[in-house]
Amino acid sequence: MTMKKVVLAYSGGLDTSCAVRWLGERYGVEVVCFSAFLGEARSPSVLRKRAFAGGASRIYIEDLKDEFAHDFILPALWAHARYEGKYPLATALGRPLIAKHLVRIAQKEKADAVSHGCSGKGNDQVRIEVGVRTLDPSLKIVAPLREWEFQSREEEMDYAKVNKIPVEATKKSPYSIDQNIWGVSIEAGILENPWNEPPEEAYRITRSPSRAPRTSKYLNLDFQNGVPVRLNGVKMSLVELIEKITSLAGQYGIGRMDQMENRLVGIKSRELYEAPAAEVLLLAHAELEGLVMDREFIHYKRVLSEKYAELVYYGLWFSPLKEALDSFFKSNQKRVTGKVRIKLTPGKAICVGKSSPYSLYSEKLATYTAEDQFDRTAAEGFMKIWGLPYEGMKGGKKL
Ligand code: ARG
């Protein structure tokens with residue numbers, strides 16, 4: 001493969017820090033680094049220092065939290081997306097955003113290739129590479145971790161040392177972690193044996209439910225056209241709101257998940273997730289939608305939610321079906337306007353109240369009091385016709 005210039009998705013971790021130098025040595029290319037901030041704790045000056053120590057010619061550091069929240073998290077919230085019923089897809093949602101900006105910067109820099117630090121057996125390589133190829137098939141893609149000779153983190157650390165790349169000696173940190181504002185994904189180390197209970201120190205942003213405050217806390221959320229816009233009466237940006245809920249619900253140990261997950265590449269993997277804001281907002285949105293939408297819509301949407309989560313997980317963010325489903329989920333969001341009250345209790349968020357000007361709930365129909373206005377006389381005829389196809393179907397036998 002002949003290349004002149006490559007844009008590397010750069011996290012500043014051990015893998016990508018080695019990759020900067022390795023790309024230069026192996027392919028003789030100019031390496032431009034690109035770091036997207038999606039909510040992980042990182043220092044721009046450290047990133048710069050490491051990238052340049054590896055031989056990068058330039059580094060782009062961009063805070064993309066706002067775009068991430070509006071163009072990636074919000075559609076997933078509207079879709080009620082959870083892979084295999086649990087994982088709210090934090091990592092999976094971040095990858096297509098990174099792919100998109102890798103392509104943008106590669107085009108701006110007139111680079112002929114992009115690169116990333118994903119391992120050769122995970123989902124993230126698929127999400128980035130399929131994303132890049134959908135957006136610009138002329139770009140070459142190099143995946144150093146699928147090519148290089150290093151067999152272990154220790155060997156990479158030796159390589160960094162020899163090449164004077166200042167990475168922290170993280171020999172002790174046993175977990176592989178990916179973090180953004182929608183959640184944290186934690187794997188490897190002691191978690192690789194599914195029998196092992198996750199140790200408390202594996203978690204990053206949630207407190208153990210057993211150490212949660214004794215008294216519950218209430219969150220009042222205002223939704224406007226499907227978008228959560230106010231928390232406890234205070235208007236805030238989507239990013240701020242997500243971060244605030246993360247910290248409040250995180251103190252109650254809300255949003256922890258331990259999942260035996262089926263990767264796209266066929267492997268089963270054991271992953272821990274922390275997603276307090278996703279837990280609260282997915283609950284709140286679904287409860288409000290449940291108030292304002294009819295039965296047929298709600299039941300059918302569940303099927304589509306599952307499919308949507310699969311498409312996102314499988315790296316097909318830019319695919320026609322995924323985009324069509326986005327339009328479906330968006331179609332009713334005008335009605336998802338109103339208020340939701342969430343109670344934070346140790347380990348669990350509970351919806352304790354909801355109201356909306358678009359509510360379809362009728363107390364007059366539901367009540368068991370004298371105020372009841374439901375026409376019971378119509379029930380008899382309804383059942384006669386509803387049961388008609390089955391009449392006598394199993395009849396004739398004495399039970
Ligand atoms: N299993 C998750 C996914 O495929 C997270 C992957 C990244 N996890 C990590 N710990 N680095 O979306």
Side-chain angles (χ1 to χ4, degrees), residues 11-19 38-42 82-95 116-127 144-146 148-161 167-212 246-247 249-279 313 346-348:
S11 74
L14 180 63
D15 288 335
T16 50
S17 292
C18 289
L38 303 182
E40 53 287 84
R42 274 193 210 148
R82 287 181 184 267
Y83 183 61
E84 295 182 335
K86 279 192 189 173
Y87 168 41
L89 296 159
T91 300
L93 289 165
R95 302 312 183 191
H116 59 74
C118 303
S119 86
K121 56 195 283 190
N123 301 311
D124 289 330
Q125 55 177 347
V126 182
R127 296 167 185 151
L145 275 76
R146 292 202 300 259
W148 68 25
E149 53 287 4
F150 311 125
Q151 301 284 340
S152 64
R153 275 181 86 74
E154 282 69 26
E155 288 183 31
E156 286 179 48
M157 263 173 310
D158 291 340
Y159 180 79
K161 204 165 162 191
V167 288
E168 284 148 32
T170 47
K171 259 178 193 156
K172 284 180 279 138
S173 169
Y175 305 108
S176 159
I177 291 170
D178 182 68
Q179 179 169 0
N180 64 44
I181 53 170
W182 202 228
V184 185
S185 308
I186 307 152
E187 62 182 335
I190 189 183
L191 304 170
E192 284 178 0
N193 179 344
W195 183 252
N196 290 337
E197 181 177 351
E200 209 36 54
E201 39 106 41
Y203 295 100
R204 303 289 121 167
I205 57 168
T206 55
R207 200 188 275 182
S208 163
S210 63
R211 292 183 44 240
T246 297
S247 114
Q251 288 167 23
Y252 283 84
I254 289 166
R256 287 185 171 189
M257 284 153 254
D258 182 348
Q259 190 157 348
M260 182 50 63
E261 170 177 310
N262 291 292
R263 281 192 196 162
L264 183 53
V265 295
I267 302 170
K268 279 195 191 293
S269 78
R270 199 271 189 97
E271 192 107 23
L272 287 192
Y273 296 110
E274 298 175 277
E279 193 73 29
Y313 188 87
K348 198 168 169 57

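The structure presented is a predicted model; accordingly, all values stated were derived computationally and were not measured.
- Counting only heavy atoms from C-beta outward, the side chains of Pro276 and Ile205 approach each other to under 4.5 Å.
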Could you go through Lys268 and Asn262, starting from their C-alpha distance and side-chain angles, then the distance that decides it, and tell me whether this counts as side-chain contact (heavy atoms from CB on, under 4.5 Å)? CA-CA 5 Å; Lys268 279 195 191 293; Asn262 291 292; 2.7 Å; yes
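- Within the 4.5 Å cutoff, the side chain of Pro199 has heavy atoms near those of the Leu191 side chain.
- Counting all heavy atoms, side chain and backbone alike, Lys86 lies closest to Met257 at O-SD, 3.5 Å.
- The local environment of NZ in Lys348 is sparse, with at most 12 non-hydrogen atoms from other residues, nucleotides or ligands closer than 6.0 Å.
- Side chain of Glu156 to backbone of Phe150: no donor-acceptor contact under 3.5 angstrom is found.
- Both tests do not hold together for Arg263 against Tyr313: distance to the six-membered ring centre under 6.0 Å, angle to the ring axis within 45°.
- Between the side chain of Asp178 and the backbone N or O of Ser185 there is no donor-acceptor pair closer than 3.5 Å.
- Interatomic distance, Glu197 CD to Asp258 CG, rounded to the nearest 0.5 Å: 9.0 Å.
- Salt bridge Arg127/Asp124: present, at least one basic N to carboxylate O contact under 4.0 Å.
- Distance alone, capped at 3.5 Å, is enough to place a donor-acceptor pair between the Thr16 side chain and the Ser11 backbone.
- Summarising the geometry of Gly183 relative to Ala90, their closest heavy-atom pair is N-CB, 3.5 Å, with the distance given to 0.1 Å.
- The CG atom of Asn123 sits 10.0 Å away from the CZ atom of Arg95 when rounded to the nearest 0.5 Å.
- The CE atom of Met260 sits 10.5 Å away from the CD atom of Glu84 when rounded to the nearest 0.5 Å.
- What you find for Ile186 and Ala202 is that their closest heavy atoms are CD1-O, 3.3 Å.
- Between Glu200 and Arg256 there is a salt bridge, since a side-chain N of the basic residue sits under 4.0 Å from a carboxylate O of the acidic one.
- For the atom pair Arg207 CZ and Tyr252 OH, the distance stands at 9.0 Å (nearest 0.5 Å).
- Within a 6.0 Å sphere centred on CZ of Arg146, heavy atoms belonging to other residues, nucleotides or ligands number more than 12.
- At distances below 3.5 Å, at least one donor-acceptor pair connects side-chain atoms of Glu274 with backbone N or O atoms of Thr206.
- Looking at every heavy atom in both residues, Pro209 comes nearest to Pro346 through O-CB, 3.5 Å.
- In this structure a side-chain-to-backbone donor-acceptor pair under 3.5 Å is missing from Lys121 to Val265.
- Side-chain N/O atoms of Glu201 and Tyr175 include a donor and acceptor closer than 3.5 Å.
- Nearest approach of Tyr203 to Pro198, heavy atoms of both residues: OH-CB, 3.8 Å.
- Using modelled atom types, no side-chain atom of Glu187 and backbone atom of Ser176 make a donor-acceptor pair closer than 3.5 Å.
- In this structure, the side chain of Gln259 engages the main chain of Tyr83 through a donor-acceptor pair within 3.5 Å.
- Leu145 CG to Asp15 CG: the interatomic distance, rounded to the nearest 0.5 Å, is 4.5 Å.
- The heavy-atom pair separating Leu14 from Ala160 by the smallest distance is CD1-CB, 4.4 Å.
- We find the CD-CZ distance between Glu261 and Arg270 to be 12.0 Å, quoted to the nearest 0.5 Å.
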